[in-house]
Q: 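Below is the structure I would like to discuss, written out as structure tokens.
In what follows, chains carry the letters A, B, and so on, assigned in the order in which the sequence lines appear, proteins first and then strands, with residues in each chain numbered from 1. Basis for what follows: all heavy atoms, side chains included, without hydrogens, waters or symmetry-related copies.
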Amino acid sequence: MSQLIVIGISDYKFAKAPEVLVTYALGSCVGVCLYDKISKIGGLSHVMLPDSTNFSSKDFNRMKFADTALVDLVQELKRAGSGNNRIVAKIAGGAQMFAVQQGSKMGAIGDRNIQCVKKALSELRIPILAEDTGLNFGRTQYFDLETGIMKIQSLNRQINEY
Amino acid sequence: MFENYEELSAEQIDLLREIGNIGAGNAATALATMLDEKVDMTVPSVRITGFDEAVTSLGGAETMTVAVLVNFSGDANGMIMFLLNVEDAKSIMDILIGEDDGEEELSEMKISGIKEIGNILSSSYLNAISALTGLTIHVSVPYVAIDMVGALMSVPIIEFGAIGEKLMFIEENFLGETNELKSNMIMFAEIDTLKVIMQKLGLEI
């Protein structure tokens with residue numbers, strides 16, 4: 001197996017088969033795998049917050065937000081040689097880690113991250129082939145660029161492949 | 001005037017360390033009383049780190065951890081997390097209950113006991129800060145979760161990492177002398193709260 005390429009919080013990276021991308025311990029953040037199976041180029045984005053439009057400062061980190069990170073990553077993938085309409089997505093994360101009262105700002109952030117990732121992908125016309133999202137547990141997300149398979153590992157749960 | 005955590009001066013960081021010392025000192029006393037043993041406390045550290053470094057410093061992203069989370073609001077806004085590993089969580093509850101149930105996993109009852117300990121320690125911590133500064137601080141009910149520390153930390157990272165690329169927290173480690181029980185308390189506060197506390201304590205900002 002090739003070495004893992006690790007993606008940190010509010011970061012993204014892309015590579016080509018046979019590399020494997022990983023982001024560890026997603027909680028309320030959402031990990032977005034993007035892939036073109038013909039060129040076998042793919043990326044993984046660790047989205048931390050839903051939307052950058054409330055931030056007036058112009059030098060914010062675009063990789064932190066769903067609305068900016070995914071647009072940028074798709075551009076990078078295309079520049080690297082992914083086909084225009086071939087990119088597909090698999091997503092994971094967006095959990096509610098603590099059972100806070102319904103309706104609180106903190107409790108809803110995982111859900112809002114998921115919704116904004118879906119909105120951004122829909123605007124980019126990228127179909128979501130699989131998702132392992134929500135609920136109340138952390139997830140480590142592996143993305144194998146040889147096969148396009150997303151593997152999700154959690155504590156005390158079976159490993160799921162998508 | 002600082003606008004994000006990276007701009008805190010050495011003098012301001014010293015003051016935050018002292019606040020951690022006072023809060024955690026009170027919490028350590030509460031813990032010692034509950035466990036009926038001497039509890040040592042490290043000198044608090046004020047950490048201003050990137051998000052991934054924060055997770056690494058707490059044992060690595062995938063480390064299984066018990067966390068009790070308390071939000072505070074009012075004149076001061078922030079979050080306290082009480083962290084410990086599953087083994088130590090079980091041991092603490094064995095001491096409090098007075099028996100070892102022999103279970104591998106943390107029972108529901110023990111989890112709820114740990115939640116209450118986190119609650120008491122957080123309240124002790126915040127009471128000390130409130131008494132020192134005269135600020136009114138409301139404390140939420142406690143929430144408990146057992147998961148990878150990286151996933152648990154995503155909650156304060158999202159809450160306090162929206163502006164800037166660094167997180168600030170004041171950290172103390174507690175060590176029970178007889179049973180070597182380790183636990184860790186971390187306090188996050190909003191930028192505006194840091195300003196209010198510093199002003200109350202007479203520090204120019």
Side-chain angles (χ1 to χ4, degrees), chain A residues 6-11 22-31 46-57 59-66 92-101 104-113 135-142 152-157, chain B residues 3-4 49-56 58-73 77-82 85-86 104-106 111-112 115 118 140-167 188:
Chain A
V6 179
I7 288 92
I9 300 163
S10 63
D11 186 15
V22 61
T23 195
Y24 293 107
L26 286 163
S28 299
C29 301
V30 175
H46 186 135
V47 170
M48 183 174 137
L49 287 163
D51 144 37
S52 67
T53 50
N54 292 331
F55 292 85
S56 48
S57 143
D59 56 350
F60 66 85
N61 175 6
R62 291 175 59 88
M63 294 190 287
K64 199 188 268 184
F65 301 93
Q96 182 179 333
M97 297 307 300
F98 293 90
V100 295
Q101 284 131 322
S104 89
K105 189 178 99 191
M106 198 178 79
I109 190 72
D111 262 342
R112 287 214 301 137
N113 274 337
L135 301 174
N136 62 349
F137 54 87
R139 297 165 170 95
T140 286
Q141 179 184 38
Y142 294 91
I152 301 298
Q153 207 170 314
S154 300
L155 290 180
N156 302 327
R157 284 171 196 272
Chain B
E3 291 309 324
N4 63 53
T49 67
F51 308 140
D52 291 303
E53 290 81 353
V55 171
T56 307
L58 294 169
E62 292 186 297
T63 308
M64 187 170 186
T65 303
V66 183
V68 181
L69 171 79
V70 164
N71 286 300
F72 57 93
S73 58
N77 295 288
M79 201 180 267
I80 288 186
M81 275 176 108
F82 177 61
N85 70 36
V86 175
E104 279 282 302
E105 306 245 317
L106 263 177
I111 292 171
S112 122
K115 178 158 95 173
S140 77
V141 295
Y143 308 102
V144 67
I146 305 172
D147 212 301
M148 303 187 237
V149 73
L152 299 167
M153 279 293 288
S154 76
V155 175
I157 288 173
I158 286 171
E159 187 84 12
F160 301 101
I163 300 163
E165 293 304 302
K166 297 268 165 111
L167 200 63
F188 306 87

Q: Hey, does A/Asn113 have a side-chain heavy atom less than 4.5 Å from the side chain of B/Ile158?
A: yes

Q: Measure across B/Ala61 and A/Ala25 and return the closest heavy-atom pair with its distance rounded to 0.1 Å.
A: O-CB, 3.4 Å

Q: Measure A/Leu26 against the heavy atoms of chain B and call it side chain, backbone, both or neither at under 4.5 Å.
A: backbone

Q: Based on non-hydrogen pairs under 4.5 Å, which of B/Asp147, B/Val149, B/Val55 is most in contact with chain A?
A: B/Asp147

Q: Can you measure from OG1 (A/Thr23) to CG (B/Asp52) and round to the nearest 0.5 angstrom?
A: 7.5 Å

Q: In terms of heavy-atom pairs under 4.5 Å, which option from B/Gly161, B/Ala162, B/Ala145 contacts chain A the most?
A: B/Ala162

Q: Below 4.5 Å from any heavy atom of chain B, which atoms of A/Asp11 appear? Answer side chain, backbone, both or neither.
A: neither

Q: Under the side-chain contact (heavy atoms from CB on, under 4.5 Å) test against B/Ser154, which residue among A/Met97, A/Met48, A/His46 passes?
A: A/Met97

Q: Measure distances from B/Ile146 to the heavy atoms of chain A and classify the residue's part below 4.5 Å as side chain, backbone, both or neither.
A: neither

Q: Specify the closest pair of heavy atoms between A/Ser28 and B/Val155, including all atoms of both residues, with the distance to one decimal.
A: OG-CG2, 4.3 Å

Q: Would you compute the distance between atom CZ of A/Phe98 and atom CE of B/Met81 and round it to the nearest 0.5 angstrom?
A: 4.0 Å

Q: Examine distances only and state if a side-chain atom of A/Lys64 and a backbone atom of B/Glu165 form a donor-acceptor pair shorter than 3.5 Å.
A: no

Q: Between B/Val144 and chain A, which part of the residue has a heavy atom less than 4.5 Å away: side chain, backbone, both or neither?
A: backbone

Q: What verdict does the side chain to side chain contact (heavy atoms under 4.5 Å, CB included) test give for B/Met64 and A/Asn156, after you've listed the backbone C-alpha separation in whole Å, the side-chain angles of each residue and the deciding distance to 0.1 Å?
A: CA-CA 10 Å; B/Met64 187 170 186; A/Asn156 302 327; 3.5 Å; yes

